[in-house]
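Not measured: the values here are computed from a predicted model.
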Amino acid sequence: MTKLGNNMYKLVSREARSAPTLIRIGETIIGSGYFTVMAGPCSVESETQIFSIAKSVSAAGATVLRGGAFKPRTSPYEFQGLGKEGLCYLRAAANEYGLLAVSEVMDTADLSLVSNYVDIIQIGSRNMHNYSLLKQAGKINKPILLKRGLSATYHEWLMAAEYIMQAGNPNIILCERGIRTFETHTRNTLDLAAVPALHELTHLPVIVDPSHGTGLRSLVPSMAYAAFAVGAEGLMVEVHPYPDQSWSDAKQTISPEVFGLMMKRIRTMQSIFRDEHALPC
Ligand code: PEP
Ligand code: MN
């Protein structure tokens, strides 16, 4: 990789900065040496629903509450999210249970609204190539969770992060959420090689979303353990008290019980691998 040229990661590359980026939000640190679990429903559906999920995911050890208020749905006839009302419920539930909050923004017009309610702003897969949104996200003083585009290469994904950082925001978390392949059994193909590959290419933290990455709830815990094993700095997982009744992404959503068992096993892995994880392989 040369340092010159316009097709380079001038800011996000390992060459630009060898030390890993650590993102501090209050007491929480996201990045190398830490494992941050973000969990919650695909969509915020009601105050009762998000409070119940916040309670169970915080008890299980998650530190960030997720919940979509602006939903990118394939069909315009599907639930589009509660908008501002959903953000209010998400914030209140996160506060009640001492969690940070993350939610997606789809439009530059909603950036300041969303950033008023959350600690981390999610830019979803479908918007990874939305350069005006990326540039505006670079002007916000909140960390950005940048999901991989449905068919984006590492280069395109890192260049999207470069847009955000070039516009002034250095706090970016990359999220591998699966890509489109010829396989149809799973919703997407979770590319776990992205984690060690990106660790070679960039100083930014990388987390994994095994929910969108597989689309099937039975596969979520296994892929979460695998994500931990390949050195991810965290997870984003969809959880709902009645997974089959979720208003969006029901098939990939796990119950609080399964989430609790999964977290227990991750803690066991952490206790075994803590030292090894701190070492570069
Ligand atoms: C989501 O997190 O609910 C979501 C829509 O994710 P993605 O952008 O990865 O599809
Ligand atoms: Mn979802």
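- Using a 4.5 Å heavy-atom cutoff, the side chains of Glu233 and Thr36 are not in contact.
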### Task
For the pair Leu150 and Ile179, evaluate side chain to side chain contact (heavy atoms under 4.5 Å, CB included) and give the outcome as yes or no after the intermediate values.
CA-CA 5 Å; Leu150 299 165; Ile179 48 171; over 6 Å; no
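- Without hydrogens or angle criteria, Lys142 side chain to Val118 main chain gives a donor-acceptor distance under 3.5 Å.
- Nearest heavy atom pair, residue Gln270 against residue Phe228, reads CG-CE1, 3.4 Å.
- A donor-acceptor pair under 3.5 Å is formed between the side chain of Tyr154 and the backbone N or O of Ala194.
- Linking Ile, Leu, Val, Met, Phe, Trp and Tyr residues whenever their side-chain heavy atoms come within less than 4.5 Å places Leu235 and Leu146 in a single cluster.
- Taking Phe259 as the reference, nothing meets the ring-ring contact (aromatic ring centres under 6.0 Å, His included) condition, with sequence neighbours excluded.
- Grouped by direct or indirect side-chain proximity (heavy atoms under 4.5 Å, Ile/Leu/Val/Met/Phe/Trp/Tyr only), Ile29 sits with Leu22, Tyr34.
- Within 6.0 Å of CZ on Arg73 lie more than 12 heavy atoms contributed by other residues, nucleotides or ligands.
- A side-chain donor-acceptor contact under 3.5 Å links Glu78 to the backbone of Ser75.
- Sequence neighbours left out, the pairs with a member in residues 144-161 that pass salt bridge (Lys or Arg N to Asp or Glu O under 4.0 Å) are Lys147-Asp209, Arg148-Glu176, Arg148-Asp191.
- Between the Ser56 side chain and the Ile53 main chain, a donor and an acceptor come within less than 3.5 Å of each other.
- When only modelled atom types and interatomic distance are considered, Arg177 and Ser125 share a side-chain donor-acceptor pair under 3.5 Å.
- The shortest side-chain heavy-atom distance between Gln122 and Val114 does not fall under the 4.5 Å cut-off.
- Across Gly86 and Val44, no two heavy atoms sit closer than the pair O-CG1, 3.8 Å.
- A 4.5 Å side-chain heavy-atom check between Leu192 and Met223 finds at least one atom pair inside the cut-off.
- With a 4.5 Å cut-off on side-chain heavy atoms, Ile121 and Ile140 count as touching.
- The backbone N or O of Asp249 sits less than 3.5 Å from a side-chain atom of Thr253, completing a donor-acceptor pair.
- The shortest distance between side-chain heavy atoms of Leu145 and Met236 falls below 4.5 Å.
- The shortest non-hydrogen separation linking Pro210 to Leu190 is CA-CD2, 4.2 Å.
- For the residue pair Arg217 and Pro221, the shortest heavy atom distance occurs at O-CD, 3.6 Å.
- Ser52 places no side-chain N or O within donor-acceptor distance of the main-chain N or O of Thr48, the cut-off being under 3.5 Å.
- A donor-acceptor pair under 3.5 Å is absent between the side-chain atoms of Asn169 and the main chain of Ile144, judged by distance alone.
- Surrounding CZ of Arg17 are more than 12 heavy atoms belonging to other residues, nucleotides or ligands, all under 6.0 Å away.
- Of the N and O atoms on the side chains of Gln245 and His240, not one donor lies less than 3.5 Å from an acceptor on the other residue.
- Taking every heavy atom of both residues into account, Ser46 and Leu82 meet most closely at N-CD1, 4.2 Å.
- A donor-acceptor pair under 3.5 Å is formed between the side chain of Ser211 and the backbone N or O of Glu238.
- Leu134 and Val102 are members of different hydrophobic clusters when ILVMFWY side chains are connected at heavy-atom separations under 4.5 Å.
- Counting heavy atoms from C-beta outward, Val258 and Val220 have side chains that stay 4.5 Å or more apart.
- Listed by chain and residue number, Tyr163 satisfy the ring-ring contact (aromatic ring centres under 6.0 Å, His included) test with Tyr131 (two or more places apart in sequence, or in another chain).
- Partners of Thr202 by side chain to side chain contact (heavy atoms under 4.5 Å, CB included), not counting sequence neighbours, listed by chain and number: Val12, Leu158, Leu174, Leu198, Leu204.
- Using a 4.0 Å cut-off between charged nitrogen and carboxylate oxygen, Lys84 and Asp110 do not count as a salt-bridge pair.
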### Task
Check the pair Val237, Ile254 against side chain to side chain contact (heavy atoms under 4.5 Å, CB included), reporting the backbone distance first and the verdict last.
CA-CA 8 Å; Val237 183; Ile254 59 173; 3.7 Å; yes
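- Put simply, Ile123 and Ile207 are part of two different groups of oily side chains (I, L, V, M, F, W, Y) that touch within less than 4.5 Å, one to the next.
- Shown here for Met106 and Asn127, the closest heavy-atom pair between the two residues is O-ND2, 3.2 Å.
- In terms of hydrophobic clustering, with Ile, Leu, Val, Met, Phe, Trp and Tyr side chains grouped at heavy-atom distances under 4.5 Å, Leu100 and Tyr117 are assigned to different clusters.
- Atom CD of Glu27 has 12 or fewer heavy atoms from other residues, nucleotides or ligands within 6.0 Å.
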### Message
Pair Ser43, Ser248 - check side-chain hydrogen bond (donor to acceptor under 3.5 Å, both in side chains), show working.
### Response
CA-CA 6 Å; Ser43 307; Ser248 53; 2.5 Å; yes
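- Within the structure, side-chain hydrogen bond (donor to acceptor under 3.5 Å, both in side chains) pairs that include any residue of residues 91-109 comprise Arg91-Asn95, Arg91-Asp119 (at least two apart or interchain).
- Looking only at side-chain heavy atoms (C-beta outward), Ile25 and Ile23 come within less than 4.5 Å of each other.
- Follow the hydrophobic side-chain contacts under 4.5 Å out from Leu219 and you never reach Tyr225; the two are in separate clusters.
- With hydrogens and angles ignored, the 3.5 Å screen pairs no side-chain donor or acceptor of His199 with any backbone N or O of Ser32.
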### Query
Could you go step by step and tell me if His155 and Tyr9 meet the side chain to side chain contact (heavy atoms under 4.5 Å, CB included) rule?
CA-CA 9 Å; His155 178 77; Tyr9 325 115; 2.9 Å; yes
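- Although no hydrogens or angles enter the test, the distance criterion places a donor-acceptor pair under 3.5 Å between the side chain of Gln49 and the main chain of Glu45.
- Aromatic ring pairs are classed by plane angle as parallel below 30°, tilted from 30° to 60° and perpendicular above 60°; the pair Trp247 and Phe79 is perpendicular.
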### Message
Between Phe70 and Leu113, is the side chain to side chain contact (heavy atoms under 4.5 Å, CB included) condition met? List the steps.
### Response
CA-CA 11 Å; Phe70 294 97; Leu113 171 73; 3.8 Å; yes
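- Counting heavy atoms from C-beta on, the side chains of Arg187 and Leu216 never come closer than 4.5 Å.
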